[in-house]
Amino acid sequence: MKTTFIPIDFSYFDFEGKNFVKMVGRDNKGKRICVIDSCPVFLWAILSENIKTKEVRGLIEKVQKIEVKGKDRTTRVENVEIHDKKFLGREVQALKIFATNYKDLHDIADQLNLPGIEKRRGYDLGFVSHYIIEKEILPLKWVEVEGELLNNSLDFGGIDGVFEVDECIKAEKITSSKEIGFEPRILAYDIETDEFQIGEGEIVMVSLYGKNFKKVISWKKLANKEKPDYVDYVKDESELIEKFIEEVKKYSPDFLVGYFSDGFDLPYLKARADKNKIKLSIGLDGSQPRFSRGRELTGEIFGIVHVDLLKFIKTAYSQYMQSESLSLNEVSKEFLGDSKKEFEFVHSSKLDDKGLLNFFEYNLHDSSLAYRLFEKMWPDILEFSIVMQEPTFDVTRNGMSKNVESYLLHNLKRFNEIPEKRPVHEEISERMEREKYEGAFVFEPTPGLYEDVVFFDFTSYWPSIIVTFNLSKSTLLEGKEKDATEIDVSGKNFWFSKKPGFFSEMLKEIIEKRTQYKKELKQKEDVFKKARSNAFKLLANASYGYQGFFGARYYCPEASAATTAISRKIIKEIIDKINSQDYKVIYSDTDSIAFLKNKKTEKQVEELLEKLNSELPGIMKLELEGFFERGLWVSTRAGNVGAKKKYALIDSKGKIKIRGFETVRRDWCDLARELQSKVINLILKEGNEKKALEYFKEVIKKLKNREIKKEEIMITTQIKKPLNEYKSISPHVIAAQKMKDAGLPVTIGSLVEFYIAETREKKKLIREKVKLPDESGEYNLEYYLNNQILPAVENIFEVFGVKTKELIDGKKQMTLF
DNA sequence: GACTGAACTATACC
DNA sequence: ACGGGTATAGTTCAGTC
């Protein structure tokens, strides 16, 4: 039979010692299909450079006889071929060694520790990735499948008999198909429980939200009020879990979506199913979710892609987001303009009818938010899967370095390259201990309020350096060669080949594709194209970090150090050139330069830009970031030098851009942040400090009169490690400990909120004055004056010669008097 | 007990 | 374990007098 098919979920199984991929997806009529396929399994043995033909023949004969006896199967070498390949850009001869089972390749490799074989590679990709590379079948890309319809046949020991799909096909031929669009079936879910610890308390209710579908399943019932339509009552928790499974099966989603569901909802469901002695048989073959043993839990369901949106948001969006936390509430506000429903948690036994009704709504709304977030992010999720060529389950969980690596591995074929291996544990520890290399250049500004500021910045600065100078593991030379680029890295020299390597070639393609899509987007908007452009942008940006990351296959700190060395050299040259053209550079950080326009016209500035660009090497390019009417730089708190990474700008439309100031830091209280923001605004708009100073005096007065609302003085700080590992017990650790004592969950990543209160006795340390938001108390006047609002504006007013400290002290004495 | 610099910690910038 | 280094700034800690 023949069908058009889109693969969504990827997994594999063994039958008679061989590996088979099972792909679950849809056909063009929306029917749910499972396609079973296989591919040759092999690894590479790279031969020594000087090996003789005769020796190769002997080696092949020896390798052909290798057999590995395992507990439940025997794997043997089935065939050996010799190929001309490349490894790290070097031409090599390599044996392609075919074997029975992918998981046994490691054992085969152990037997290949033979003279004449230099390296063994290509057996640590995972069978699914190996399959995708070999058969060139991409996740979420339509294909034409020809094969045998398995209809409860005995093939594969009757494995398809238990698959809850419309058709199961054993593939004979798979070819690519034209794109016909795909609308995924999405189901979001969320549970509410009596305890925060996994499995500790009962699951009170679970909500489901899909297309024209909403449901809350609960064993807790309203006593007197009528139940809403979307609520289904069940007898107890055990029935709740069974009903949940039933509803998921009935809805038949491609994607089951949660928020922090890898870490909470799914493991909680599993734990409670275990406790109730029932099976959480949610997989399409009746299997239970499988949880990885890694540092962080991940829950995988056969046939349904379980997506934890929190993880994807962390890697794909967080660096560009305004939200100060990644809570469902904040993220929903930013992406959907909607927030969670208000609800104060109480134990289910203490819920009255009104509370329970709210709880139903709250629970359903959370699922609705997750559903809509998925819809919003679907173009990015889809394009990430297609660009990285990895299953959606993985790309939604991997970090950017893993994504860079996926892209590399899936494109090596075009370069005839054998993949490098993953670093082993010892290598990783060694790499982690390496000395840091010197990074970017930051210009020390002179504090002041400047008029007419121009900003230039480089487009994809570091990636463009890597490409232009060919900086990578495969192009790093051992010593000086004739056709090499010599790079002085803080007094030490490195040489890189001028012949382009696959890393910089691929990165060049990534940058070019990004530029091309961006150009096309200007002509016509398209959410999917935008998502693809974004995926390439993120890949390019992560490529520099990748080479310096200890877990990378293509780890190359020399390339990273060379990249930053070149970046420092070039930006300093540009600064000199701009200064020599009768402009004055006032600031620079990594890839951006700010300078005074000096009464010149915008056209003259653009000509300057053009000239600078004509002198830049390779694909490097400088861009005009913008013209600004005013810019403010301040000094550091400690000394009288200009502070780096702290400035504020205003453009001709009155739009203000603030960098680094306390205003943009979440670990300062709102009072200080809003005061500072207002002061910066007034100064930039007015061009002087007068109105700002008046405003500051008002705030001091209000604070002293205790007219400030409590929520404005709350300080929020993140817990970054287990509480007992803190060497220095700072206020936020005390706050966290207090929360823990009150039975609230505090884990790594938790944000704790507290304020500094007045104390009866005189206490020396700030941490002794910490109180949680719901603890009664007066805010500590001295602390908020001297440690919050004064530091927030002191350096700003200092630019104008105003001594704010005297302002606070003077007033204080007066009020005391 | 006051003072001081180093260490620790969180968060921003690019 | 799940990109990198540069930088500011607060609070505690440990040493001195």
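Quick note on labels: first sequence line is chain A, next is B, and so on, each numbered from 1. Being a predicted model, the structure only gives us computed values, none of them experimental.
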Would you classify A:F443 as touching base, sugar-phosphate or nothing, given that sugar-phosphate means primed atoms plus P, OP1 and OP2, and contacts are heavy atoms under 4.0 Å?
nothing
Is the gap between the ring centers of A:F384 and A:F312 under 6.0 Å?
yes
What is the first contacted nucleotide of DNA chain C and what is the last, in 5' to 3' order, if contact means an atom lying under 4.0 angstrom from a heavy atom of chain A?
C:dA1 to C:dC13
I'd like to know if the side chain of A:R397 pairs up with that of A:T298 as donor and acceptor (distance under 3.5 Å, no hydrogens or angles considered).
no
Short of 4.0 Å, heavy atom to strand atom, which residues of residues 714-740 of chain A count as contacting DNA chain B?
A:T717, A:Q718, A:K720, A:K721, A:Y726, A:K727, A:S728, A:H732
How is A:N787 classified with respect to the nucleic acid when contacts are heavy atoms under 4.0 Å: base, sugar-phosphate, or nothing?
sugar-phosphate
By a strict heavy-atom criterion of less than 4.0 Å, which residues belonging to residues 751-770 of chain A are in contact with DNA chain C?
A:L765, A:I766, A:R767
Sequence-distant partners of A:K513, salt bridge (Lys or Arg N to Asp or Glu O under 4.0 Å), two or more places apart
none
In plain terms, say whether A:E758 and A:K769 are close enough for a salt bridge, that is, a side-chain N and a carboxylate O under 4.0 Å apart.
no
Between B:dT11 and C:dA1, how far is it from one C1' atom to the other, in whole Å?
22 Å
Tell me what A:Y437 touches on the nucleic acid: a base, only sugar-phosphate, or nothing, going by heavy atoms under 4.0 Å.
sugar-phosphate
Contacts of A:E430 meeting side chain to side chain contact (heavy atoms under 4.5 Å, CB included) (sequence neighbours excluded), chain-then-number -> none
Tell me which residues in residues 545-573 of chain A lie within less than 4.0 Å of DNA chain C, going by non-hydrogen atoms.
A:G545, A:G548, A:F549, A:F550
Residue set satisfying salt bridge (Lys or Arg N to Asp or Glu O under 4.0 Å) with A:E712, at least two apart, ordered chain then number -> none
State which residues pass salt bridge (Lys or Arg N to Asp or Glu O under 4.0 Å) with A:E505; sequence neighbours excluded, sorted by chain then number.
none
Once the angle between the rings of A:Y546 and A:F503 is folded into 0 to 90°, is it parallel (under 30°), tilted (30 to 60°) or perpendicular (over 60°)?
parallel
Pairwise P distance for C:dG3 and B:dT9, with rounding to whole Å:
22 Å
Ranking A:E296 and A:V641 by the position along DNA chain C of their nearest nucleotide, the one closer to 5' is A:E296
Within the structure shown, what part of the strands sits under 4.0 Å from A:N795 by heavy-atom distance: base, sugar-phosphate, or nothing?
sugar-phosphate
A:A735: what forms a side chain to side chain contact (heavy atoms under 4.5 Å, CB included) with it, not counting sequence neighbours?
A:V752, A:F754, A:V770, A:L772
Before accepting this row, confirm whether a basic side-chain N of the pair A:K421/A:E427 lies closer than 4.0 Å to the acidic partner's carboxylate O.
yes
Between the side chains of A:E509 and A:R514, is the shortest nitrogen-to-carboxylate-oxygen separation below 4.0 Å, so that they form an ion pair?
no
Just checking A:R665: base, sugar-phosphate only, or nothing, at a heavy-atom cut-off of under 4.0 Å?
base
Which class fits the ring pair A:F536 and A:Y407: parallel under 30°, tilted 30 to 60°, perpendicular over 60°?
perpendicular
Give me the first and last nucleotide of DNA chain B, going 5' to 3', that has any atom under 4.0 Å from a heavy atom of chain A.
B:dC8 to B:dC14
NA contact type, A:R434, heavy-atom cut-off 4.0 Å: base, sugar-phosphate, or nothing?
sugar-phosphate
When rounded to the nearest 0.5 Å, the distance separating CG of A:L476 from SG of A:C556 is 5.0 Å
Is a side-chain N or O of A:R767 found less than 3.5 angstrom from the main chain of A:S730, in a donor-acceptor match?
no
Output every pair passing salt bridge (charged side-chain N to carboxylate O under 4.0 Å, His left out) with a member in residues 543-571 of chain A, not counting sequence neighbours, ordered by first then second residue.
A:D124-A:R553, A:E405-A:R553, A:E438-A:R568, A:K569-A:E573
Pairs meeting criterion salt bridge (charged side-chain N to carboxylate O under 4.0 Å, His left out) with involvement of residues 531-548 of chain A, two or more places apart
A:E383-A:R532
